[in-house]
Amino acid sequence: VREWKKKQEDISFGHYSRDMEQLESVAFFVFCTTIFASATASPHQGASYLKMVVNATELPPEDYYDYIVVGGGTAGCPLAATLSQSFRVLVLERGGVGTGNPDLINQEGFLSNLLNAENEDSPAQAFISEEGVPNARGRVLGGSSAINAGFYSRAHRDFFVKSGLPWDLALVNHSYRWVEKEIVFRPNLKTWQSAVRDGLLEAGVTPYNGFTLDHAKGTKIGGSTFDSSGTRHTSADLLRHARSSNIKVAVHATVERLLLAGSSAIGALYRDQMGGHHHAFLREHGEVILSAGAIGSPQLLLLSGIGPRPYLSSWGIPVVHHLPYVGHFLFDNPRNGITILPSLPLDHSLIQVVGITDSGAYIEAASNVIPFTSPRHTTFVRSPLYLTVATIISKISGPLSAGFLRLASTNVDANPRVRFNYFHNPQDLERCVNGTRKIAQILGSRALKDFKFSNWLGEPDFRFIGPALPLHQTDYPRMADFCRRTVSTIWHYHGGCVVGRVVDPNLKVIGMDSLRIVDGSVFSVSPGTNPQATLMMLGRYFGLKIIRERNASK
């Protein structure tokens, strides 16, 4: 430990000054890895649902289904599994199945996935907002539940009031429990998580609620989709509840556009990885259901001719249905925080604890072990080091600032152009300042004193990677400037097809028949601290709701 601490201390005091540029670049990856842990569509090679998965090249050029689910992601998998109990279902997932690569299974493998997000076959697809903030989309069976930090927490009670949906709360609770029984675990707190928990309590984020899956003001331990061995479970694991005779899950199936006849959806045109095209058509009373996420669903509507008439015409896209707000009211929760080199070795840990403040901010933390290799000309380090870095981050609730999505190309493989307008609403900025001030209080707590080094004056101090908090946290303009300068994403973007603008309270596309959207693009507010619990619940909930509707109409 002493030798390890000396290496950390040497680096933090600049003995390896030529390497500091590389260390500072770690800050970005640490912020990324706070949220993104690599994953797979299944933690087990022999997962029972794999018998339902086929490569799209194996499917016929034309076939008929009761429900075509576009996107095998966080909401799409539980939705399809539920519908298959009563109907013939096709899932079209543009990514692959992530089995076979240890980095896609264990939480320690997260960094390699992020670094390879530019690859065409990577489970995460990188994009950058017009503000210059790096971001990513899920591109694997399981979607973003396969590339996130695994934190599981139910929605805030206010979400069900403000979402614009007429929720059946008994069915909501049933749907949450269905998910939780299968893929949610109680985490064992690691050193950094325990310290941040105690620091939150010292900083007044009370009461202490212990372990709970509910959204509760104060400090709590949440659920995790990583089990006790560190193996990830995703929404794809919920496919084991599908009726295998009623479902086909096609991977490497890229939907290019919806097939429309007048004001009705009749199917989807998709491309396999060999370039072959396939037509999936609906049976009578069937539906196409978009579950492609807050980026993919509005993009597909626009490419299919559903959106603002003047805008579609400017792209030469035939207008099928004028729907002016497609791609609008797009939100992303800003994230800000700090990263330190701790004076003690820490275990690898993703988000397990959250502080739910009464000032519009959620506080979370992570610790990561990162390989650091010096340039060849450096004489101080002759072999790779493994450095521990630790983060504390603040995510604001809401947000209130809204952005938009526009096409960058008529090629569905190209990321759309996205602007989130971070902090455009001053209340979002105020919430960020509140959150970063709370981080300062946590850093000043007794719980974190053991993670400091001695500075040049022999006084205990933190060693930061990247920007430190302003010294005078009472100076609002400086704190606001810190928020603007250090803004990043927590990958909780949502909207683009919001309720009341693009879809009705039953999530049916307004003015269209046989077309529905079931994913985070319909949300105008983020459901609490982390959205994956509510998105998986949403898939199960609307699967059951649709079955009830069909049975009632017989």
| field | Euclidean distance, L300 CG relative to L290 CG, rounded to 0.5 Å | value | 6.0 Å

| request: Only pairs at least two apart or in different chains count here, so list each salt bridge (Lys or Arg N to Asp or Glu O under 4.0 Å) that has a residue in residues 185-208. | output: E202-R446

| Mind checking what makes ring pair (Phe, Tyr, Trp, His ring centres under 6.0 Å) contact with Y325, not counting sequence neighbours? | F329

| said: I want to check something: taking the side chain as every heavy atom from C-beta on, are S129 and N135 in contact at a cut-off of under 4.5 Å? | reply: no

| query | Stepwise, does the side chain to side chain contact (heavy atoms under 4.5 Å, CB included) test hold for V503 with R516? | reply | CA-CA 8 Å; V503 297; R516 204 182 300 238; over 6 Å; no

| message | Could you tell me if the side chain of Y176 sits less than 4.5 Å from the side chain of L213, heavy atoms only? | response | no

| request: Search all heavy atoms of C77 against all heavy atoms of G72 and return the closest pair with its distance. | output: SG-O, 3.3 Å

| Does the side chain to side chain contact (heavy atoms under 4.5 Å, CB included) test come out yes or no for L344 and T191, once each step is laid out? | CA-CA 10 Å; L344 297 174; T191 303; over 6 Å; no

| Got Y311 and L407 here, is their nearest side-chain heavy-atom distance under 4.5 Å? | yes

| Is any side-chain heavy atom of F331 less than 4.5 Å from a side-chain heavy atom of N333? | no

| field | Partners passing side chain to side chain contact (heavy atoms under 4.5 Å, CB included) against A440 (at least two apart in sequence or in another chain) | value | L469, Q473

| said: On a heavy-atom basis, which atom in P134 and which in G132 lie closest, and how many Å separate them? | reply: CD-O, 3.4 Å

| request: Report the distance from atom OG1 of T225 to atom CG of N530, rounding to the nearest 0.5 Å. | output: 10.0 Å

| query | Is a donor on one side and an acceptor on the other found under 3.5 Å between the side chain of Q193 and the backbone of A365? | reply | yes

| request: Could you grab the distance from atom CG of L312 to atom CD1 of I306, nearest 0.5 Å is fine? | output: 9.5 Å

| message | With heavy-atom distances below 4.5 Å as the criterion, would you say the side chains of F420 and T489 are in contact? | response | no

| field | Straight-line distance of L429 CG to L400 CG, nearest 0.5 Å | value | 12.0 Å

| query | How about S367 and S349: does a side-chain donor come under 3.5 Å of a side-chain acceptor? | reply | yes

| message | Donor-acceptor check, side chain of N455 to backbone of D461, threshold 3.5 angstrom: yes or no? | response | no

| message | For G337 versus I439, what's the shortest heavy-atom pair and its separation? | response | CA-CD1, 4.0 Å

| query | R139 and I147: side chain to side chain contact (heavy atoms under 4.5 Å, CB included), yes or no, with the steps? | reply | CA-CA 9 Å; R139 184 171 52 191; I147 57 171; over 6 Å; no

| request: Name all residues meeting the salt bridge (Lys or Arg N to Asp or Glu O under 4.0 Å) criterion together with D475; count only those two or more places apart in sequence or in a different chain, and write none if there are none. | output: R478

| remark: side chain to side chain donor-acceptor pair (under 3.5 Å) filter on N506, not counting sequence neighbours, yields K545

| message | Please enumerate all residues that pass ring pair (Phe, Tyr, Trp, His ring centres under 6.0 Å) together with F160, with sequence neighbours excluded. | response | W167

| said: Please check: side-chain N/O of W315 versus main-chain N/O of L303, any donor-acceptor pairing under 3.5 Å? | reply: no

| remark: Residues at least two apart in sequence or cross-chain that pass side chain to side chain donor-acceptor pair (under 3.5 Å) with T219, listed by chain then number, are none

| task | State the CG-CD1 distance between L507 and I289, to the nearest 0.5 angstrom. | result | 9.5 Å

| Any sub-3.5 Å donor-acceptor pair from K217's side-chain atoms to T206's backbone N or O? | yes

| request: Would you indicate whether the side-chain heavy atoms of L405 and L302 approach each other to under 4.5 Å? | output: yes

| request: Check step by step if side chain to side chain contact (heavy atoms under 4.5 Å, CB included) holds for I295 and Y493. | output: CA-CA 9 Å; I295 304 298; Y493 50 84; 3.6 Å; yes

| request: Answer yes or no: is there a side-chain heavy-atom contact under 4.5 Å between F211 and P187? | output: yes

| Sub-3.5 Å donor-acceptor pair from the side chain of W192 to the main-chain atoms of A366, do we have one? | yes

| Under the ring pair (Phe, Tyr, Trp, His ring centres under 6.0 Å) test, residues paired with Y362 that sit two or more places apart | H215

| request: Please report the closest heavy-atom contact between E364 and I351, naming both atoms and the distance. | output: OE1-CD1, 3.2 Å

| R177 atom CZ, neighbour heavy-atom count above 12 within 6.0 Å | yes

| Donor + acceptor pair across side chains of D519, S521 (<3.5 Å) | yes

| remark: Contacts of H321 meeting ring pair (Phe, Tyr, Trp, His ring centres under 6.0 Å) (sequence neighbours excluded), chain-then-number -> none

| said: Any side-chain to backbone donor/acceptor pair from K220 onto T212? Under 3.5 Å, distance only. | reply: yes

| query | What's the shortest heavy-atom distance between L330 and A294, and which atoms? | reply | CD1-O, 3.8 Å

| Salt bridge flag under 4.0 Å for residues E180 and R154 | yes

| request: Could you tell me whether the side chains of D428 and S401 share a donor-acceptor contact shorter than 3.5 Å? | output: yes

| message | I want to check something: taking the side chain as every heavy atom from C-beta on, are K162 and H156 in contact at a cut-off of under 4.5 Å? | response | no

| Can you name the residues that form a salt bridge (Lys or Arg N to Asp or Glu O under 4.0 Å) with D168, not counting sequence neighbours? | R548

| request: Could you list all the side chain to side chain donor-acceptor pair (under 3.5 Å) pairs where at least one residue sits in residues 409-426, not counting sequence neighbours? | output: Q125-N415, E130-R417, E130-R419, R137-N415, R271-D413, D332-Y422

| note | In short, salt bridge (Lys or Arg N to Asp or Glu O under 4.0 Å) pairs touching residues 429-443 with sequence neighbours left out are none

| query | Is a side-chain N or O of T74 found less than 3.5 angstrom from the main chain of S145, in a donor-acceptor match? | reply | yes

| task | Heavy atoms only: give me the nearest S297-A292 pair and the separation to one decimal. | result | OG-N, 3.2 Å

| said: What's the separation between atom CG in L387 and atom CG in N368, rounded to the nearest 0.5 Å? | reply: 11.5 Å

| task | Return yes when atom CG of N188 has more than 12 non-hydrogen atoms of other residues, nucleotides or ligands closer than 6.0 Å, and no otherwise. | result | no

| Between the main-chain N or O of P470 and the side-chain N or O of H472, is there a donor-acceptor pair closer than 3.5 Å? | no

| For residues N336 and R485, is any side-chain donor paired with an opposing acceptor at under 3.5 Å? | no

